[in-house]
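Order of the sequence lines fixes the chain letters, A, B, ..., with proteins taken first and strands second; residue numbering starts at 1 for each chain.
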2 protein chains.
Amino acid sequence: MATEKNSPSLSCKDCPFGNVSFYAPTWTSSPDAIQSLRSRVTTYKARQAIIYEGEESNLFGTLRQGWAYRYKNIGNGRRQILGFILPGDAMTLEMLTFGNLPLPFGVSALSPATICWFPLEEMTELLRRKGPQDEHSRQMVHGYFNWLIRRNSAMGHTSAASSLAELLLQLMVRLKRCGMVSGNEYDFAPTQADLADSLGLTTIHVNRLLGGMKRQGILQIEGKKMQVFDKVQLRRIVTQG
Amino acid sequence: MATEKNSPSLSCKDCPFGNVSFYAPTWTSSPDAIQSLRSRVTTYKARQAIIYEGEESNLFGTLRQGWAYRYKNIGNGRRQILGFILPGDAMTLEMLTFGNLPLPFGVSALSPATICWFPLEEMTELLRRKGPQDEHSRQMVHGYFNWLIRRNSAMGHTSAASSLAELLLQLMVRLKRCGMVSGNEYDFAPTQADLADSLGLTTIHVNRLLGGMKRQGILQIEGKKMQVFDKVQLRRIVTQG
DNA sequence: CGAACCTTTGATCATACTCAAATGCTGTGG
DNA sequence: CCACAGCATTTGAGTATGATCAAAGGTTCG
C-alpha cells in the first residue's frame with residue numbers, strides 16, 4: 001500500500017471520473033475545491049483489504065482507478081459480495097448519512113486500485129452544501145437505498161441465469177458511464193468466484209451459466225477481457241426471470 | 001378508513017408504545033410535544049392499503065394498534081413483503097433521511113390497524129433535534145440499514161427452515177418489546193402466505209415447514225394465536241443454516 | 001519451474017417448486 | 001341463523017434448479 005500526500009500525476013481537475021462521482025456538481029464548478037480537500041492518495045494491490053468490517057473511520061474514499069468490492073463475511077469462511085465499486089464510486093456512501101458509525105461490511109481491492117481519501121467531516125459538509133450538490137447527494141443515496149430494496153425483493157423470485165445476466169448488464173452500463181467500454185469490449189476484473197459470491201451461487205454453477213452464454217454466442221471472456229456480442233439476448237434472459 | 005382529528009381515547013401520554021417508538025426520548029421527556037404535533041388518527045381494516053408504492057406524502061405515520069407490512073409488487077401478481085410493522089414502528093422511516101421522495105414500496109394493514117399521522121417536516125425537525133433524540137433517530141435508521149444489509153447477505157446461504165425460524169424469533173422479540181407477549185403466547189396476524197411472501201418461499205413450503213415444527217413440539221398455531229414452546233430448538237434451526 | 005489459483009467437466013443429490021385437490025375456517029347477506 | 005363464497009390450511013406426487021463431491025486442465029505470478 002503506497003500513499004502519497006498529493007500525487008501530481010492524479011490531479012482532480014483532470015480526473016476522468018469527476019463527473020460520475022458523488023461530488024460531481026462541486027467538481028464541475030470548482031475542481032480545486034475537491035483537490036484541496038484531498039488528504040491522500042493510496043494505491044492497493046489486487047485482493048488487498050481497504051476497509052475492515054466493523055471499522056470506524058474519519059476518511060471518505062473515492063475509487064480513482066481499478067475495481068473494488070464491498071463484502072460481508074458469513075459463517076464458515078464464506079463471504080457475500082454486496083456490490084462492486086468502480087472508478088468514481090464512493091467506498092462508503094452510507095457514511096454520508098451515518099457518520100463514522102461502525103460499518104457492517106468490509107471493502108477490498110479486486111484489481112490494483114487507487115483511492116483518493118478525504119476528511120469525512122469536511123467532505124460531508126461539502127456534499128450537503130445547499131443547492132445542486134445537496135440535491136445530487138440525496139439522489140445518489142436514495143438510488144443506492146432503492147437498489148438495496150430491489151435486491152431484497154428479488155430474493156426467491158429470480159433464477160440464477162437471470163440474476164447473472166442482470167449483474168453483467170448493470171456492470172456494463174456503469175463501466176460505460178465511466179468511459180471504460182470500447183465497442184463491446186472491456187476489462188473485467190471479477191473472477192467467477194467473485195460473481196458467485198455476489199449472487200449467492202456456487203462458482204461451479206456460475207461457470208456453467210457463463211459457459212452456456214458463451215456457447216450461445218452472447219459473450220466471450222478471455223483473460224480479463226470481456227466482450228458482449230448480444231445485449232438483447234442478455235436482457236431477454238433477465239426478464240425471463 | 002375512519003379518521004378523527006384528535007382521538008381522546010388514544011392520548012400520546014398513555015401510549016404503551018411511546019418508549020419503543022422513533023421519538024422515544026422526546027416522548028419520555030414531554031409526551032405533550034408529540035400529542036400536539038399529531039395531525040390525525042386513522043383506522044384501517046385488515047388488508048386495507050395505507051400507502052401506495054411510488055407515493056409521495058407529507059405525513060409521517062406511526063402504528064398505534066395492529067399489524068401492517070411493507071411490500072413491493074414484482075411481476076405477475078406476486079409481491080415481496082419487505083418487513084412487518086408492529087405497534088410503535090414508523091411506516092416509512094426512510095422519510096426521515098430522504099424527505100418525501102417517491103417510496104419504492106407500499107404499506108398495507110395486516111390486521112385492523114390504527115395509525116397516528118404527523119406532519120413530515122415538523123416531525124423530521126423534532127426527530128433531528130440535537131441531543132438524545134437525534135442520537136436515537138440515527139441509531140434507529142442505522143439499525144434498519146444494517147438489517148437490510150444482513151438480509152441481503154443471507155441470500156443464497158440460508159435454508160428455508162432457517163430463515164423462517166429467524167423470522168418467527170425476530171417477531172417474538174419485537175412483540176415482547178411491545179408488551180404483546182404473555183407467557184409464550186401471542187396474537188399472530190400473518191397468514192402462511194404472508195410469511196411465504198416475506199421469505200420468498202411458496203405458501204405450500206411454509207406450510208410444510210410449520211407442520212414439521214408443530215410435530216416436533218416447537219410451536220403451535222391455532223386461529224390467530226401463536227405459542228412457542230421451544231425457543232432453544234428454534235434458535236438451533238436458525239444457526240444450522 | 002513450481003505453487004497457487006482459476007476454469008472446466010462429470011456424476012449425484014437435495015431443497016424447494018409445481019400441479020392438483022381436499023378440508024377447514026370466516027364472515028356476509030338473505 | 002343458516003348457506004354459501006371466499007380464504008386459508010393441509011396433503012400427495014412428481015420435478016427442476018442449483019448444490020455437493022471429485023478431479024482434471026489452464027493461467028499467472030513469484
Please tabulate, for the side chains in residues 170-178 of chain B, all donor-acceptor contacts under 3.5 angstrom to protein atoms that are two or more places apart in sequence or on a different chain.
from, atom 1, to, atom 2, distance (Å)
B:R174, NH1, B:F84, O, 3.3
B:R174, NH2, B:F84, O, 2.9
B:R174, NH2, B:D89, OD2, 2.6

Look for any protein N or O under 3.5 Å of an N or O in nucleotides 4-10 of chain C and output each such pair with its distance, or none.
from, atom 1, to, atom 2, distance (Å)
C:dT7, OP2, A:Q192, N, 2.9
C:dT8, OP1, A:K214, NZ, 3.1
C:dT8, OP2, A:Q192, NE2, 2.7
C:dT8, OP2, A:N207, ND2, 2.8
C:dT8, O5', A:N207, ND2, 3.4
C:dG10, N7, A:R208, NH1, 3.3
C:dG10, O6, A:R208, NH2, 3.3

Tell me, which pairs form a side-chain hydrogen bond (donor to acceptor under 3.5 Å, both in side chains) where one or both residues lie in residues 222-234 of chain B, sequence neighbours left out?
-> B:D187-B:K225, B:Q233-B:R236
How long is the line joining CZ of B:F188 and P of D:dT9, in whole Å?
-> 10 Å
Which residues share a side chain to side chain contact (heavy atoms under 4.5 Å, CB included) with A:Y144, sequence neighbours left out = A:R70, A:L93, A:E94, A:W147, A:L148, B:F145, B:I149
Mind grabbing the angle between the end helix axes of the helix from C:dT7-D:dA24 to C:dG30-D:dC1? Five pairs an end, 10° rounding.
-> 40°
Check salt bridge (charged side-chain N to carboxylate O under 4.0 Å, His left out) between A:R215 and all other residues, then give those that pass, not counting sequence neighbours.
-> none
What's the CD-P distance between A:E222 and D:dT27, to the nearest Å?
-> 9 Å
Can you check the A:H157 NE2 to C:dA16 P distance for me, whole Å?
-> 14 Å
Any donor-acceptor N or O pair under 3.5 Å, side chains A:Q65, A:T114 = yes
Whole-Å distance between D:dT10 P and B:M213 CE?
-> 13 Å
B:L209 CG - C:dT15 P separation (whole Å) | 11 Å
Tell me: CG of B:D197 to P of D:dA8, nearest whole Å?
-> 11 Å
Minimum side-chain heavy-atom gap A:L86-A:L110 below 4.5 Å | no
Should B:E53 and B:R79 count as an ion pair when the cut-off is N to O under 4.0 Å?
-> no
B:I237 CD1 to C:dT15 P, straight-line distance once rounded to whole Å = 14 Å
Only residue of A:Y44, A:Y186, A:F188 satisfying ring-ring contact (aromatic ring centres under 6.0 Å, His included) with A:W67 is A:F188
Between A:T202 and D:dA19, is there a side-chain N or O to OP1/OP2 distance below 4.0 Å?
-> yes
For atom CG of A:L195 and atom P of D:dG18, their distance in whole Å = 15 Å
Any side-chain donor-acceptor pair under 3.5 Å between A:N100 and A:E56?
-> no
